[in-house]
Amino acid sequence: MEGVDHLAHERNKSEFDVDAMKIVWAGSPHAFDVSDRISKLVASDPGFRKDNRSTLSRKELFKNTLRKAAYAWKTIVDLRLSEEEAAKLRFYVDEPAFTDLHWGMFIPAIKGQGTEEQQQKWLPLAYKMQIIGCYAQTELGHGSNVQGLETTATFDSQTDEFIIHSPTLTSSKWWPGGLGKVATHAIAYARLIVGGREHGVHGFIVQLRSLEDHSPLLGITVGDIGMKFGNGAYNTMDNGVLQFDHVLDVYSIAFASIAVMLWVSQVTCEGKYKQSDVPRQLVYGTMVYVRQTIVADASCALSRAVCIATRYSAVRRQFGSQNGGPETQVIDYKTQQSRLFPLLASAYAFRFIGEWLKWLYADVTQRLQANDFSTLPEAHACTAGLKSLTTTATADGIEECRKLCGGHGYLCSSGLPELFAVYVPACTYEGDNTVLLLQVARFLMKTVSQLGSRLSSKKPVGTIAYMTRVEHLMQCRCGVQRGFAELSADLVEAAVAHCQLIVVSKFIEKLQQEIPGKGVKQQLEVLCNIYALFLLHKHQGDFLSTGCITPKHAALANDELRSLYSQVRPNAIALVDAFNYTDHYLGSILGCYDGNVYPKLYEAAWKDPLNESVVPDGYHLYIRPLLKQEIRTARL
Ligand SMILES: CCCCCCCC/C=C\CCCCC/C=C/C(=O)SCCNC(=O)CCNC(=O)[C@H](O)C(C)(C)COP(=O)(O)OP(=O)(O)OC[C@H]1O[C@@H](n2cnc3c(N)ncnc32)[C@H](O)[C@@H]1OP(=O)(O)O
Ligand SMILES: Cc1cc2nc3c(=O)[nH]c(=O)nc-3n(C[C@H](O)[C@H](O)[C@H](O)COP(=O)(O)OP(=O)(O)OC[C@H]3O[C@@H](n4cnc5c(N)ncnc54)[C@H](O)[C@@H]3O)c2cc1C
């Protein structure tokens, strides 16, 4: 029945202050207030409805996305929302669109790599959305290998201009989000050529389309690369293809022939290339920035899936009826708990590692401004590795949540298929996860000697076990006199172990902070222990081979896990309520707040266009002749 909370009995079991946990999840009272207010604003506005997406064609879907993006911008302007509120609004609209790349990459790239002069020219236009930008780095032939990009930018000292060109088919820009049909400008990455000499890959701001009639400019061929995984999902995004035919461009982002560059390099009016004394890797700075935001995204995506699967696991009953009594809630089965609760713990773990990574990025950015590059390698390794670890775990976790919901998890109305289809490219974009782990492995090879010293420092026992595992995995590999390439598969395992160590240790550090609210810290300690012990159980071979734990320890850890699952059980619904997601944002009948699932599933089924007629289109043409055919075959 509408209005009845079918999960009230579960909510009454909670042993902690849910409102206080909502603040912890949001990050602060202010952050909670903004999230709560904006999510409700979006949920209550029919202009942001999303329950019809699965019935739209690609063109209808895309046009609807443009409508929503324009409507979101009008809402932001009319309500005079702050940058923080506007970002939250775009988040809760929950539709991959060109705006993600405009706000998430184009603007950060100009802020991170542009000169003062370029920032003054481009940022006001971008902030007012008087230009729409994309980040055009990947090409048809190269994505991971950035130094293999083929697009050229040749400096013409006669005209003080750069000529951007796509010399081969494989140099076509391919994948940039927003490029296909919307972006008016791109930050295009190209090989700089000055005076016949090549100076590696740099970024250039290039106008693609007319601001009058949106037609591609002279020398620009641009379009969409076609349908992607899943039906709705990421097909709301116009990932594009772009070819330059000797395009004149006067706006280099890393170069300004008339302005002294603060960052990467400069080309003087006389056409001289001057490499400043900053690491060339700063040209990769935007990728580092986006990778740390993707870790926060992972906690959002995983928490959404876990919220759906947890609520439905409490609603769903199957088997176990005694004397005609109610059947058992599937959340009470130990197998369901052993699959679900580590994902719940991971969602919280990724939330806190995302907070720490945001601090690390801000710290390295501040240091860079003081020409202190000492922490850049670690920042790169951390953002690359944690992006890889959290997106892989989240993609796998969303699929596990679908399976935890049985058959109904496969319905679009569960919200899980769409979430999976939208989320899985996160394992590839912003760096293929394996390629990024190889970067971490490379970093570990260079710093393995320091691992030992870090072991001696005063650390919680759990952390010591995880640190010993990494050191052991590295020494097993480094001790073998073979090349990096030969050992790369093993080194990637050590890289994963290193990233898991970071997540565990930052979760433990989080618990050393003052955390207000009755029972809140205790619940987080349970979740931290579940995360750490679940991984110890999953990788116990590594831990046993270090000698750091014995088989008896491993057995005790497993017993403790079961006990921890029993401690989480009465608090599970409250722990997912703490995410404070509206039913609109969850987009899931299985995960609806009141747990009134079956009537909503049944009602939703009849809304499918296929049920607009009792007799389906095609019956008279195809089925009736089949049914009415004279059967001449004696055997049938
Ligand atoms: C709640 C629901 C949430 C759902 C969210 C979905 C909805 C959101 C919708 C849209 C958002 C999507 C946003 C993403 C869109 C995607 C954008 C992109 O994909 S942009 C393109 C990204 N491309 C890459 O990441 C390329 C990966 N490759 C690389 O990074 C590099 O090529 C490399 C693999 C690192 C190799 O570098 P290189 O070729 O230079 O060689 P190396 O010798 O390995 O490195 C040289 C030295 O440089 C150091 N290095 C490398 N990278 C960096 C860096 N980034 N920062 C600092 N230092 C770096 C490296 O360590 C080497 O150092 P030394 O060892 O020599 O000291
Ligand atoms: C949805 C989506 C949105 C995107 N948006 C953008 C965007 O806005 N802008 C942009 O510039 N790009 C974008 N991209 C492109 C994305 O950044 C690249 O696809 C990504 O960096 C992976 O590169 P690749 O496609 O070349 O993969 P490849 O590197 O070709 O990977 C193929 C396989 O080769 C393996 N491999 C590659 N190199 C090595 C190595 N050295 N050692 C071991 N294994 C290796 C990989 O692990 C993988 O298994 C997007 C991609 C997607 C899917």
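Any value given below was found using the heavy atoms of this structure, including those in side chains, with hydrogens, waters and symmetry copies removed. Atoms within a ligand are numbered from 1 in the order they appear, just like the ligands themselves. Residue numbers run from 1 in the order of the sequence given.
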Between L436 and ligand 1, is there a nitrogen or oxygen pair with a distance under 3.5 Å?
-> no
For D100, the ligand 1 atoms with a heavy-atom partner under 4.0 Å come out as 9 (C), 10 (C)
So is K446 polar-close to ligand 1, meaning N/O to N/O under 3.5 Å?
-> yes
Give me the ring orientation class for Y273 and H202: parallel if the planes are under 30° apart, tilted from 30 to 60°, perpendicular past 60°.
-> perpendicular
For ligand 1, indicate whether the residue V146 contacts it via side chain, backbone, both or neither (heavy-atom separation under 4.0 Å).
-> both
Dump the intermediate steps for side chain to side chain donor-acceptor pair (under 3.5 Å) on T383 and Q292, then the final yes or no.
-> CA-CA 6 Å; T383 48; Q292 59 95 18; over 6 Å; no
Heavy atom under 4.0 Å from ligand 1: found in H142's side chain, backbone, both, or neither?
-> neither
Which protein non-hydrogen atom lies closest to atom 6 (C) of ligand 1, naming both residue and atom, and how far is it?
-> Y429 OH, 3.6 Å
With a 4.0 Å heavy-atom cut-off (strictly under), which part of Y234 contacts ligand 1: side chain, backbone, both or neither?
-> side chain
Any non-hydrogen atom of G143 lying under 4.0 Å from ligand 1?
-> yes
Taking the side chain as every heavy atom from C-beta outward, state whether L169 and Q243 have any atom pair closer than 4.5 Å.
-> yes
Indicate whether the side chain of S144 and that of D432 have a donor and an acceptor atom separated by less than 3.5 Å.
-> no
Report the residues that fulfil ring pair (Phe, Tyr, Trp, His ring centres under 6.0 Å) with F420, sequence neighbours left out, ordered by chain and then residue number.
-> none
Taking the non-hydrogen atoms of L101, is any one of them nearer than 4.0 angstrom to ligand 1?
-> yes
Note the single closest protein heavy atom to atom 21 (C) of ligand 1, along with its residue, its atom name and the distance in Å.
-> Q137 NE2, 3.7 Å
W103 vs Y127 aromatic rings, parallel, tilted or perpendicular, using cut-offs 30° and 60°?
-> tilted
Numbering as shown, the atoms of ligand 1 that approach M105 to under 4.0 Å (heavy-atom distance) | 17 (C), 20 (S)
Going through the checks in order, is the side chain to side chain donor-acceptor pair (under 3.5 Å) test met by E95 and T236?
-> CA-CA 7 Å; E95 189 139 319; T236 57; 5.1 Å; no
From OG (S57) to CG (N64), nearest 0.5 Å | 10.5 Å
Take Y361 and Y289 through the test ring-ring contact (aromatic ring centres under 6.0 Å, His included) and record every step on the way to the result.
-> CA-CA 7 Å; Y361 181 77; Y289 164 76; 5.5 Å; yes
Y581 vs F579 aromatic rings, parallel, tilted or perpendicular, using cut-offs 30° and 60°?
-> tilted
Within 45° cone and under 6.0 Å: K59 NZ/CZ vs F62 ring = no
Not counting sequence neighbours, which residues clear side chain to side chain donor-acceptor pair (under 3.5 Å) with K40? List them please.
-> D36
Using a cut-off of 6.0 Å, state whether more than 12 heavy atoms not belonging to K358 lie near its atom NZ.
-> no
Among all protein heavy atoms, pick the one closest to atom 38 (P) of ligand 1 and tell me residue, atom and distance.
-> Y284 OH, 3.5 Å
Answer side chain, backbone, both or neither: which part of F443 comes under 4.0 Å from ligand 1, heavy atoms only.
-> neither
Do you know which two heavy atoms are closest between P417 and G409, and how far apart they sit?
-> CD-O, 3.6 Å
Is it the case that T391 and N433 place a side-chain donor and acceptor less than 3.5 Å from each other?
-> yes
In terms of residue, atom name and distance, what is the protein heavy atom nearest to atom 54 (C) of ligand 1?
-> H380 ND1, 3.3 Å
N or O contact, Y135 vs ligand 1, cut-off under 3.5 Å | no
Taking only heavy atoms of A301 into account, list the atoms of ligand 1 that are under 4.0 Å away from them.
-> 1 (C), 2 (C)
Among E430, E95, Q439, R442, closest by any non-hydrogen atom to atom 18 (C) of ligand 1 = E430
Per-atom filter on ligand 1: closer than 4.0 angstrom to a heavy atom of V288 are 54 (C), 55 (N), 56 (N)
Could you say whether the N/O atoms of Y585 and ligand 1 ever approach to under 3.5 Å?
-> no
All heavy atoms of T99 vs all of A69, minimum pair found to be CG2-CB, 4.3 Å
Any idea which part of V435 is under 4.0 Å from ligand 1, heavy-atom wise: side chain, backbone, both or neither?
-> side chain
Keeping the roles fixed (side chain from S414, backbone from Y410), state whether a donor-acceptor pair exists under 3.5 Å.
-> no
Which atoms of ligand 1 are found less than 4.0 Å from any heavy atom of C300?
-> 1 (C)
When distances are taken from atom 41 (O) of ligand 1, the protein heavy atom at minimum range is R280 NH2, 4.5 Å
Quick note on ligand 1: atoms under 4.0 Å from a heavy atom of R291 include exactly 24 (C), 25 (O), 27 (C), 30 (O), 55 (N)
Applying a heavy-atom distance cut-off of 4.0 Å, which protein residues contact ligand 2?
-> L101, Y135, Q137, T138, G143, S144, W175, P176, G177, Y234, N239, P425, T428, Y429, E430, G431, D432, T434, V435, L438
So which heavy atom in the protein is nearest atom 4 (C) of ligand 1, and how far is it from that ligand atom?
-> Y423 CD1, 3.9 Å
Which value, rounded to the nearest 0.5 Å, describes the distance between I110 atom CD1 and W122 atom CH2?
-> 7.5 Å
protein heavy-atom neighbour closest to atom 32 (O) of ligand 1 works out as S144 O, 2.7 Å
Can you list every pair that meets salt bridge (Lys or Arg N to Asp or Glu O under 4.0 Å) and has a residue in residues 380-392, with sequence neighbours left out?
-> none
For Q147, counting its heavy atoms only, list the atoms of ligand 1 lying under 4.0 Å from any of them.
-> 39 (O), 40 (O)
Quick look: M287 vs ligand 1, heavy-atom contacts under 4.0 Å, and the answer is side chain
Could you check whether the rings of Y234 and Y429 sit parallel, tilted or perpendicular, using 30° and 60° as the cut-offs?
-> tilted
Nearest protein heavy-atom contact for atom 49 (C) of ligand 1: which residue, which atom, what distance?
-> Q281 CG, 3.5 Å
